[in-house]
**Q** 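Let me give you the structure first, and then I'll get to my questions.
Computed from a prediction, not measured in an experiment: that's the story for all the values here.
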Number of protein chains: 2
Amino acid sequence: MDMNLEIDFRSGIPIYLQVVERIKERLASGQLQPGNQLPTVRSLAQELRVNFNTIARAYRIMDESGIISTQQGRGTYILEMPPPEVIGSIRAKALEDLTQRYIADAERLGVATDELSRSLNEELARKKESSNLSINDLKKENIP
Amino acid sequence: MDMNLEIDFRSGIPIYLQVVERIKERLASGQLQPGNQLPTVRSLAQELRVNFNTIARAYRIMDESGIISTQQGRGTYILEMPPPEVIGSIRAKALEDLTQRYIADAERLGVATDELSRSLNEELARKKESSNLSINDLKKENIP
DNA sequence: AGTACAATGATACAATGATACAATTATGGA
DNA sequence: TCCATAATTGTATCATTGTATCATTGTACT
């Protein structure tokens, strides 16, 4: 499966960034559709005569920005909802459904409502804490 | 026989581990009883759109920990109910996982943390309100 | 020159998939 | 009833795919 991405090895622009841009273009032009599978990191790397880690890096960037989904052992796929520009009533209803499902699942577990609120607060706090820690770690590394 | 297990392919948590946790939850909540037959590795795999070896791996893990019994040619069955303290820890982990999935899903919708807490409180309040109403309705019906 | 840092490569690893196989059950005809 | 055979179920093994970690290369700045 050839992608025929146009990469310029002499441009000075990192290859992984060029790959990201070329794939974004395919997505914007409709040549790539949600649900489509991208070539494996190894096959695209072979096509571009590049190490597969470079492709993996490009894929990881797009994964983190919510464009694609990379799954170990399965492959990488264009996501159904490219950007989370879920707007207005659709987004509100999605959140409402999500919360109701959360409550229903908790009920099946036999979790009381106050315990549920507490769990959410705990996990949110933990999440915030861990992100703060990583920032502090970076600062410490840089200062000495 | 559909299990309707909630698996998140984007969470980074291996599918086979998620399957183990979801089934443990069903056991802890009483939705699965000792003696019950689990779906075959192939049927559950088909339902989850996953290779059946992934399900077999999940089953093997639970088999090795004595929760279920898998028998070639026969199927897999729930062996015994874990002791109460284990049930407790399963519940705790289940709630933690459930909340983390809730937060992850909300993040994908672009929902801020305070908005998430508010949504939960609103839905909980609405739920409580409706249950009170129904109780009152019953009372009215019974008195005359 | 020398150093620091980003980009790329090499290698080992974990998760998932594909395929062939063995054990058990179901079925059908003598 | 009983045996042969097909269908179903879990098992074993290897291939494929992405991940993690460290080494190497190149480039810019002192």
**Q** Which part of the nucleic acid, if any, lies within reach of A:Tyr16 when heavy atoms closer than 4.0 Å are counted: base, sugar-phosphate only, or nothing?
**A**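 Answer is sugar-phosphate: A:Tyr16 comes under 4.0 Å of backbone atoms only.
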**Q** Would you say a side-chain N or O of B:Thr76 is under 4.0 Å from OP1 or OP2 of D:dT9?
**A** no
**Q** Of the candidate nucleotides C:dA15, C:dT19, C:dG17, which contains the atom at the shortest distance from the side chain of B:Arg57?
**A**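 Selected nucleotide: C:dA15.
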**Q** Roughly, in whole Å, what's the span from CZ in A:Arg60 to P in D:dA20?
**A**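 Computing the A:Arg60:CZ to D:dA20:P distance gives 8 Å.
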**Q** Could you tell me the Watson-Crick or G-U partner of C:dA14, where both distances fall under 3.5 Å? Say none if there is no partner.
**A**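 Here C:dA14 is engaged in a pair, and the nucleotide opposite it is D:dT17.
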**Q** In terms of side-chain heavy atoms, does A:Gln18 have a donor or acceptor partner in A:Ser11 at a distance below 3.5 Å?
**A** yes
**Q** Can you tell me which nucleotide in C:dT11, D:dT17, D:dG10 comes closest to the side chain of A:Thr40?
**A**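 Looking only at side-chain atoms, A:Thr40 lies closest to D:dT17.
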**Q** Side chain of A:Arg74 only, heavy atoms from C-beta on: which candidate in C:dT11, C:dG17, D:dT9 is closest?
**A**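 For the A:Arg74 side chain, the nearest candidate turns out to be C:dG17.
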**Q** Nearest whole angstrom, please: distance from the P of C:dA7 to the CD of A:Gln18.
**A**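 These atoms are roughly 12 Å apart.
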**Q** Given D:dT17, C:dA7, D:dT11, which nucleotide is nearest the side-chain atoms of A:Gln72?
**A**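 In terms of side-chain proximity for A:Gln72, the closest of D:dT17, C:dA7, D:dT11 is D:dT17.
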**Q** Roughly, in whole Å, what's the span from CD in A:Gln46 to C1' in C:dG9?
**A** 16 Å
**Q** Would you indicate, yes or no, if C:dA18 has its OP1 or OP2 atom less than 4.0 angstrom from a side-chain nitrogen or oxygen of B:Asn53?
**A**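 Indeed not, no polar side-chain atom of B:Asn53 lies that close.
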**Q** Do B:Gln33 and B:Ile78 have side chains that get closer than 4.5 Å, going by heavy atoms?
**A**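 Side-chain contact under 4.5 Å: no.
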**Q** Under 4.0 Å between a side-chain nitrogen and a carboxylate oxygen: does that hold for A:Arg126 and A:Glu123?
**A** yes
**Q** We want to know whether B:Tyr102 and A:Thr99 form a side-chain donor-acceptor pair, criterion being a heavy-atom distance below 3.5 angstrom.
**A** yes
**Q** Between A:Arg118 and A:Asp114, is there a side-chain N and carboxylate O pair less than 4.0 Å apart?
**A**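 The answer is no: the pair does not qualify as a salt bridge.
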**Q** Looking at C:dT25, which nucleotide sits across from it as a Watson-Crick or G-U wobble partner, both distances under 3.5 angstrom, or is there none?
**A** D:dA6
**Q** Just how far, in rounded Å, is C1' of C:dT19 from CZ of B:Phe52?
**A**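 The answer, rounded to whole Å, is 8 Å.
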**Q** Let me know the distance between CD of A:Gln71 and P of D:dT19, rounded to the nearest Å.
**A**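 A:Gln71 atom CD is separated from D:dT19 atom P by 10 Å.
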**Q** Would you kindly compare A:Arg49 and A:Arg42 by the position of their nearest DNA chain C nucleotide and give the one closer to the 5′ end?
**A** A:Arg49
**Q** Atom CZ of B:Arg10 and atom C1' of C:dA15: how far apart are they, to the nearest Å?
**A** 19 Å
**Q** How many Å lie between CG on B:Asn51 and P on D:dT9, as a whole number?
**A** 16 Å
**Q** Hey, does the side chain of B:Thr70 come within less than 4.0 Å of D:dT11's phosphate (OP1/OP2), counting only N and O?
**A** yes
**Q** What is the distance, to the nearest angstrom, from the CZ atom on B:Phe9 to the P atom on D:dG18?
**A** 16 Å
